[in-house]
Amino acid sequence: MDLIKDLFKGDKVIWIIFLFLCLISIVEVFSAASTLTYKSGDHWGPITQHSVILMVGVCIVVLVHNIPCKYFRVLPFFLLPISAVLLIFVMGMGLITGDRVNGAARWMTFFGIQFQPSELAKMAVIIVTAFILSKFQEEDNTNPKAFKYIMWITGIVFVLIAPENGSTAALLFGVVFLMMVIGRVPWKQLGKLVGIVGIILMLFVGIVMIMPTHKLNKVPMMHRVETWQNRIKGFFEDKEAIPAAKYDIDKNAQIAHANIAIASSNIIGKMPGNSVQRDFLSQAFSDFIFAIVIEELGLLGGAFVVTLYIWLLMRAGKIARRSEKSFPAFLVMGIALLLVSQAMLNMMVAVGLFPVTGQPLPLISKGGTSTLINCAYIGMILSVSRYVVEKEEQKAAEQRALEEAELAAKAERHQEMVAVMQEVFAQLPTETAKTEEETTAENVETVKEEEI
């Protein structure tokens, strides 16, 4: 029991949320990976691979959460240059060799292991943003220099990620913006940023939607413009104006089958393993796994998953408020915002509230790099919670020691007073005897004088 307690430290609620997400992931990925099973011919292969990744992820959580959180601020010095080089390499290989998956060059293979450099870049940006905000904290707000440093770093990483993974770049930028709001960056700077980004976004969307695709394809890093156009048009298309008999289900197959999965569900769902739409969704185990969760676990299961992520954000906020130092507080909030924002984006896509993106559901979707990095994030949150608890215990121990010292001092003073009083009382009979002898002697002398 003591070994388990020493091994799994940190906030118990975060551990519970993490284990629930892993359990849901194993059940739903096993059910949703039917297309992978069909392609490979191995019934247990996809879930075995995913379970191994999750077990490695648990080991990463245990390892990371035992590292003091103050050492995390060193990571960006290594992760930023490494991730930048890898992003440039992946982008270059996509342009030179045309080696892309689903039209995007996001992955690279190293010793047989496929991973996304953008995941390392996201971690580096979140940590360095927390570090800069903590260093430039002043009495009333944050020094304006922090905004410039954060924007330079975020802007460079954004440019490297956006051509191949625009949704990830936008998500990262949004999380950094929220971190600056929490970090008390002057509203004047944030307002200018919102205005500039809004103008650039409107111009970009306008150009993408108006310019012919064959012309934009010739522009460097604009090879995914047709995908962007189709997703934007598909989202804003008035589907109710199309008669059901004429609706082309193959045109937007992912969205259509996700909607069917949700619509065919009920309060308790079809139960795990009974999904029908998993055989029609090519990314049922990844980008659209939330639709499978609702189909199999019902509205209650979907609401439970949403509650877990909201609970994670609330718990992270509580840990941040209890932190004495600013870096751990900003770090835990940045990580929680990243995980929860990505989860909400994935779920909004699945239910048709946002254009299709390539964002997996953190800790539930099948994945390699993303799952391991998300486990590292959970480890960092637990490390901060462990630091907070240790500081509170240390402060409580110091307070108890101070109270005990005060009580000991009071007891010592009380003993001294008792000793003094005992000495006083001990002297009282002697003085009384002396006074009686003197009085008797005086009386004798007085009698003698009278006789004379």
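FYI, side chains are in, hydrogens and waters are out, and symmetry mates aren't considered; it's all heavy atoms of this structure. Just so you know, residue 1 is the first one in the sequence shown, and it goes up from there. This is a predicted model, so every value here is computed, not measured.
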### Query
Are Glu119 and Lys122 ion-paired here, with the side-chain N under 4.0 Å from a carboxylate O?
yes
In a table with atom names and distances, give each donor-acceptor pair under 3.5 Å that connects a side chain of residues 185-204 to protein atoms at least two apart or in another chain.
residue, atom, partner, partner atom, Å
Gln189, NE2, Pro144, O, 3.3

### Query
Is there a side-chain contact between Leu339 and Ile335, using heavy atoms and a 4.5 Å cut-off?
yes
### Query
Have Gln359 and Ser167 got a donor and an acceptor in their side chains that come within less than 3.5 Å?
yes
### Message
Can you tell me if Lys270 has over 12 outside heavy atoms packed within less than 6.0 Å of its NZ?
### Response
yes
### Query
Who passes salt bridge (Lys or Arg N to Asp or Glu O under 4.0 Å) against Arg73, sequence neighbours left out?
none
### Message
If the condition is salt bridge (Lys or Arg N to Asp or Glu O under 4.0 Å), which residues does Lys318 pass it with, not counting sequence neighbours?
### Response
none
### side chain to side chain contact (heavy atoms under 4.5 Å, CB included) against Leu297, all qualifying residues, sequence neighbours excluded
Glu28, Pro272, Val293
### Query
Do Glu296 and Ser31 have a side chain donor and acceptor closer than 3.5 Å?
yes
### Message
Less than 3.5 Å apart, any donor N or O on the side chain of Gln137 or Thr142 sitting next to an acceptor on the other?
### Response
yes
### Query
About how many Å separate OG of Ser275 and CD1 of Ile289, when rounded to the nearest 0.5 Å?
10.5 Å
### Task
Could you pull out all residues at least two apart from Glu138 that satisfy side chain to side chain donor-acceptor pair (under 3.5 Å)?
Asn143
### Message
Once side chain to side chain contact (heavy atoms under 4.5 Å, CB included) is applied, do any residues pair with Val389, and if so which ones, sequence neighbours excluded?
### Response
Arg322, Glu393
### Task
Show your working on salt bridge (Lys or Arg N to Asp or Glu O under 4.0 Å) between Glu295 and Arg278 and close with a plain yes or no.
CA-CA 10 Å; Glu295 184 183 12; Arg278 63 187 177 184; over 6 Å; no
#### Entry: Greater than 12 external heavy atoms within 6.0 Å of Met314's CE
no
